[in-house]
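To keep things clear, I will list the structure first and then write my remarks on it.
Note that this is a predicted model, so its numbers are computed, not measured. Both backbone and side-chain heavy atoms feed into the values below; hydrogens, waters and symmetry mates do not.
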Amino acid sequence: MSLFLAFLGVSFIVLATPGPDTAITIRNTLLGGRMAGVFTALGISSGQTIWALATSAGIVALLVASEPLFLAVKYAGAAYLVYLGFKALQEALRPPHRHDMAAATRPARRLTAASAYRQGLISDLGNPKMAVFFASLLPQFVPPGGESFSALLGLGAVFAVMTFTWLALYATVVAKAGDFLRRPSIRRAIEGVTGMVLIGLGIRIATEHR
């Protein structure tokens with residue numbers, strides 16, 4: 001129990017630190033409303049469940065140990081974040097139209113639930129830090145002599161549920177403030193900031209060492 005409580009504490013600290021998952025969830029909520037934000041969170045937590053399963057099966061350890069595979073995941077994930085960042089900047093720099101004023105009074109629907117889920121899933125699976133996180137952190141909280149596969153999978157599933165709950169809360173808060181945040185000037189400013197953050201995160205992932 002003490003190990004599990006320590007795991008919950010460390011996991012909460014990790015979740016409370018803003019990163020690509022938070023930025024994508026906020027942006028997708030602005031684009032598609034609360035539903036898009038929740039499905040983005042679901043995609044991210046699904047990716048983490050896959051990482052947990054791969055960690056339990058020993059696949060993540062092989063990925064981390066293989067420099068070419070690790071770099072391939074790292075650069076693919078970084079490129080995807082930069083791509084999403086440029087899309088956000090395009091929205092921010094797009095000349096305003098009359099329908100932008102109408103959009104400020106109703107929830108945005110420019111992002112479907114399926115697209116939001118896919119973006120969350122791909123961004124999480126393309127984040128090499130998740131591989132390092134699962135491979136290095138989870139084993140520390142497996143009880144000595146315990147069955148490692150089920151223990152690692154269980155801890156990973158708990159972390160995925162915590163992630164979904166945290167990001168879904170983000171989506172709910174952003175959606176509640178939707179009428180204010182969807183004002184053209186506010187939304188474009190948020191798109192611009194989010195775009196620069198995503199591009200910066202992508203560049204940092206691509207250039208930093210493990």
Exercise for review: Would you kindly confirm whether L169 and V161 end up in one hydrophobic cluster when ILVMFWY residues are joined by side chain heavy atoms under 4.5 Å apart?
Suggested key: no
Review point. Would a 4.5 Å heavy-atom cut-off, applied to side chains only, mark L198 and F86 as touching?
Key: no
Check your understanding: In terms of hydrophobic clusters joined by side-chain contacts under 4.5 Å, are L155 and I13 together?
Key -> no
Check your understanding: How far does CG of D124 sit from CD1 of I24, to the nearest 0.5 angstrom?
Key -> 9.0 Å
Point to revise | Within-4.5 Å side-chain heavy-atom neighbours: I44 and L121 | key: no
Review point. Looking only at heavy atoms, which two atoms of A41 and A168 are closest? And how far apart?
Key: CB-N, 4.0 Å
Check your understanding: Do the non-hydrogen side-chain atoms of V38 and F164 ever get within less than 4.5 Å of each other?
Key -> yes
Review point. Is there a donor-acceptor pair closer than 3.5 Å between any side-chain N or O of T25 and the backbone N or O of T40?
Key: no
Exercise for review: Determine which pairs satisfy side-chain hydrogen bond (donor to acceptor under 3.5 Å, both in side chains) with at least one residue from residues 155-164, sequence neighbours left out, and list them in order.
Suggested key: Q48-T163
Review point. Hey, what do you get for CD1 (I26) to CG (L167), rounding to the nearest 0.5 Å?
Key: 9.0 Å
Point to revise | No-hydrogen, no-angle side-chain donor-acceptor test under 3.5 Å, R34 and T29 | key: no
Review point. If every non-hydrogen atom of T194 is compared with every non-hydrogen atom of A23, which pair is closest and at what distance?
Key: CG2-O, 3.7 Å
Review point. Any idea which heavy atoms bring A52 and G156 closest together, and the distance?
Key: CB-CA, 3.5 Å
Review point. Which is it for T112 and F39 under the side chain to side chain contact (heavy atoms under 4.5 Å, CB included) test, yes or no, and what are the steps along the way?
Key: CA-CA 9 Å; T112 64; F39 271 88; over 6 Å; no
Exercise for review: Check whether any side-chain heavy atom of I199 lies under 4.5 Å from a side-chain heavy atom of L81, and answer yes or no.
Suggested key: no
Review point. I203, M196: one ILVMFWY side-chain cluster at the under-4.5 Å cut-off?
Key: yes
Practice item. Could you tell me whether the side chain of Q119 reaches within less than 4.5 Å of the side chain of L111, counting heavy atoms only? Key: yes
Point to revise | Joint cluster assignment, V14 & M162, ILVMFWY side-chain distance < 4.5 Å | key: yes
Revision key, fill the gap. Between S45 and A160, the two heavy atoms sitting closest are CB-O, 3.3 Å
Exercise for review: Just grab all the side-chain hydrogen bond (donor to acceptor under 3.5 Å, both in side chains) pairs involving residues 78-88, residues at least two apart or on different chains.
Suggested key: none
Check your understanding: Under 3.5 Å, is there a donor-acceptor pair between the S46 and Y117 side chains?
Key -> yes
Exercise for review: Answer yes or no: is there a donor N or O on one side and an acceptor on the other, between the side chain of W51 and the main chain of M130, under 3.5 Å?
Suggested key: no
Review point. Linking I/L/V/M/F/W/Y whenever any side-chain heavy atoms sit under 4.5 Å apart, do L30 and L89 land together?
Key: no
Review point. Between atom CZ of F12 and atom CH2 of W166, what is the distance when rounded to the nearest 0.5 Å?
Key: 4.5 Å
